[in-house]
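Some notes on the structure that comes next.
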Amino acid sequence: MSPTTIIDNALDAIGNTPLIRLDKLAAEEGLKCNLLGKVEFFSAGGSVKDRIAKRMVLEAEKDGILIPGKSIVIEPTSGNTGIGLALACVIKGYPLIITLPDKMSLEKEVTLRALGAEVVRTPTAAAWDSEESHIGVALRLQKHIPHAVILDQYRNLNNPLAHELTTGPEIISAVVSTPSTTKHPSSKRVDAFFAGAGTGGTVSGVAKAIKKTHNKDAVVVAIDPRGSVLALPEDMNTCDAEKQYAVEGIGYDFIPDVLTREPGDIDTWIKTDDEEAFAATYRLIRTEGLLVGGSSGSAMAGALRWLKSDEGWKLVGSVEGANAVIMLPDGVRNYMSKPWFKPDTITPLSSTISQIIHQTPNARIADHISPPNGHAT
């Protein structure tokens, strides 16, 4: 969590997010391993993308790409990288223009505008290399606006580096430093890591951190929505080609340069659909009390499917003390206006409450309240 000392500004409140046990879900699924969620909505800007925004801005300043008082930042984004950049640009003093597909939530746009960003909406259906896409519009704006800089999360190596140098080490440190107990035995290793893939920076960077410095035998599983083209082998993507999906922040119709294709970095890909993603989102909220967004549900759905597969069950799911870490990228407050977010408000207490409320009152409220200090009314 955030340090207990005074910090200089909101950039210092990015990262250091908690790794939280998901014991109730694990028990419901019959898993023997430790199921752990890396909960990124605790970061200053509310998502895992705060990390890359901070690093891209700071490194661009070091390299002389961003010049205080002169540069204007432009970025095509699904929203969360934009929010992280808006936070950084407020603190650093850079004007910011965000190009955002129409599909992305109103909450993201409002947050961006609250942080002072200009927001340009683009057609969701536009192909990534079209002039009308969020990438195409960003490039057109850069061409005509003096001193404009696109930090380009899709190709900027500081995207995966932010996760290799911060997210991954945080996960490793939490797992290694937590004692193994009778109640919670632990291998003291990260045995499996699960993350949705958008730009691919998170899963690529964390995979390298875990496998290069901690546990080369860890299993890394990337989750890709049906309708996206990121999964390998490529024939996994053909049956749902061009299918529209509602989940935000993961999946693309092109392969970002920062998504690792190096053999051994990502061991397995799993495709998920909206229905199972949003069902898993609700389970995380109602079972574990974690107000996560839809892409967290995708990661959870994919993780559970793999852990209960023959391979996953043998390697991790059935192993007491094994540690399975799931990336939960952002919070549900970004999505409360979306059609998929319709929480069921009927609980076991609902009928009792209704009966009480609709009864005819037979006494004044004052009759049930004692006067203060014993004085009569």
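Side-chain contact between Leu232 and Arg261: present, with at least one pair of heavy atoms (C-beta onward) separated by less than 4.5 Å. Between Val247 and Phe278 the shortest side-chain heavy-atom distance falls below 4.5 Å. Under the 4.5 Å side-chain criterion, counting only non-hydrogen atoms from C-beta, Leu87 is not in contact with Lys54. Arg283 has its side chain within reach of Glu28: a pair of non-hydrogen atoms, C-beta onward, lies under 4.5 Å apart. Between Leu112 and Ile83, the closest side-chain pair of non-hydrogen atoms falls below 4.5 Å. Looking at heavy atoms from C-beta onward, His147 lies out of side-chain contact with Ile67 at the 4.5 angstrom threshold. For the pair Val220/Asp265, no side-chain contact is recorded, criterion being any heavy-atom separation below 4.5 Å from C-beta on. You'll find the side chain of Met327 reaches within 4.5 Å of the side chain of Thr167, heavy atoms only.
Within the 3.5 Å criterion, the main-chain N or O of Met104 finds a donor-acceptor partner in the side chain of Arg121. Remark: side-chain polar atoms of Ser47 are not paired, donor with acceptor, to backbone N or O of Pro329 under 3.5 angstrom. Listed for the Lys271 side chain is a donor-acceptor partner under 3.5 Å among the backbone atoms of Pro225. Proximity of a side-chain donor or acceptor of Ser318 to a complementary backbone N or O of Trp313 within less than 3.5 Å is detected. Asp191 places a side-chain N or O within 3.5 Å of a backbone atom of Asn323 that can act as its donor or acceptor partner. Side chain of Ser133 to main chain of Trp128: a donor-acceptor pair is present (N/O by atom type, distance under 3.5 Å, no hydrogens or angles). One N or O on the side chain of Lys38 and one on the backbone of Thr17 form a donor-acceptor pair closer than 3.5 Å. A side-chain donor-acceptor contact under 3.5 Å links Asp274 to the backbone of Ala246. Looking at Ser180, its side chain does come within 3.5 Å of a backbone N or O of Ser186 through a donor-acceptor pair. Side chain of Asn237 to backbone of Ala231: a donor-acceptor contact under 3.5 angstrom is found.
When all heavy atoms are compared, the tightest approach of Ala222 to Ile266 is CB-CG2, 3.8 Å. For Asp224 against Ala197, the heavy-atom pair with the smallest separation is OD1-O, 4.3 Å. Between Ile250 and Ser295 the shortest heavy-atom distance is CG2-CB, 4.1 Å. Of all non-hydrogen atoms in Ala138 and Pro76, the two that sit nearest each other are CB-CD, 3.9 Å. Across Gly84 and Asp50, no two heavy atoms sit closer than the pair CA-OD1, 3.7 Å. Across every non-hydrogen atom of Met300 and Ile326, the tightest pair is CE-CD1, 3.6 Å.
Checking Gln153 against Thr199 by side-chain atom types alone, no donor-acceptor pair falls below 3.5 Å. Inspection of the Thr99 and Arg140 side chains reveals no N or O donor paired with an N or O acceptor under 3.5 Å.
By the 30° and 60° cut-offs, the orientation of the rings of Tyr154 relative to Tyr252 is perpendicular.
With hydrophobic clusters built from ILVMFWY side chains whose heavy atoms lie under 4.5 angstrom apart, Leu106 does not share a cluster with Val119. Cluster membership check: Ile72 does not share its hydrophobic cluster with Leu66, using side-chain heavy-atom separations under 4.5 Å among Ile, Leu, Val, Met, Phe, Trp and Tyr. Leu290 is not connected to Leu36 by any chain of hydrophobic side-chain contacts under 4.5 Å among Ile, Leu, Val, Met, Phe, Trp and Tyr, and they are in different clusters. Follow the hydrophobic side-chain contacts under 4.5 Å out from Leu307 and you reach Val221 in the same cluster.
Between the CG atom in Asp257 and the CG atom in Leu157 there is a gap of 8.5 Å [rounded to 0.5 Å]. A distance of 4.0 Å separates OG1 in Thr81 from CD1 in Ile52, rounded to the nearest 0.5 Å. Here the CZ atom belonging to Arg21 is positioned 10.5 Å from the CG atom belonging to Leu35, to the nearest 0.5 angstrom. One distance of note links CG of Leu19 with CD1 of Ile172; it measures 11.5 Å at 0.5 Å rounding. The CG atom of Leu161 sits 9.0 Å away from atom CG of Asn156, with the distance rounded to the nearest 0.5 Å.
Between Phe194 and Trp306, the gap from one ring centroid to the other is short of 6.0 Å.
No option in Thr178, Asn34, Asp23 other than Asp23 meets the side chain to side chain donor-acceptor pair (under 3.5 Å) test with His184.
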For this session: Would you check, one step at a time, whether the test salt bridge (charged side-chain N to carboxylate O under 4.0 Å, His left out) holds for Glu170 with Arg51?
Result: CA-CA 12 Å; Glu170 286 175 24; Arg51 298 172 183 269; 2.9 Å; yes

Exercise. What do the steps show when you test Ser204 against Leu259 for side-chain contact (heavy atoms from CB on, under 4.5 Å), and what is the final call?
Worked result: CA-CA 6 Å; Ser204 299; Leu259 173 58; 3.9 Å; yes

Exercise. Do Gln244 and Lys103 pass the side-chain contact (heavy atoms from CB on, under 4.5 Å) test, and can you show the C-alpha distance, the side-chain angles, and the key distance before you say yes or no?
Worked result: CA-CA 10 Å; Gln244 296 296 309; Lys103 157 184 166 177; 5.9 Å; no

Exercise. Are Leu328 and Val39 close enough, and set up right, to give a side-chain contact (heavy atoms from CB on, under 4.5 Å), and what steps lead you there?
Worked result: CA-CA 5 Å; Leu328 306 178; Val39 188; 4.1 Å; yes

For this session: Would you please test Ser130 and Glu132 for side chain to side chain donor-acceptor pair (under 3.5 Å) and show each step?
Result: CA-CA 5 Å; Ser130 161; Glu132 286 74 41; 2.8 Å; yes

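Shown here is Lys32, whose NZ atom has no more than 12 heavy atoms of other residues, nucleotides or ligands within 6.0 Å. The number of heavy-atom neighbours closer than 6.0 Å to CG of Asp63, taken from other residues, nucleotides and ligands shown, is above 12. Counting heavy-atom neighbours within 6.0 Å of Arg113 CZ, excluding the residue itself, gives a total above 12.
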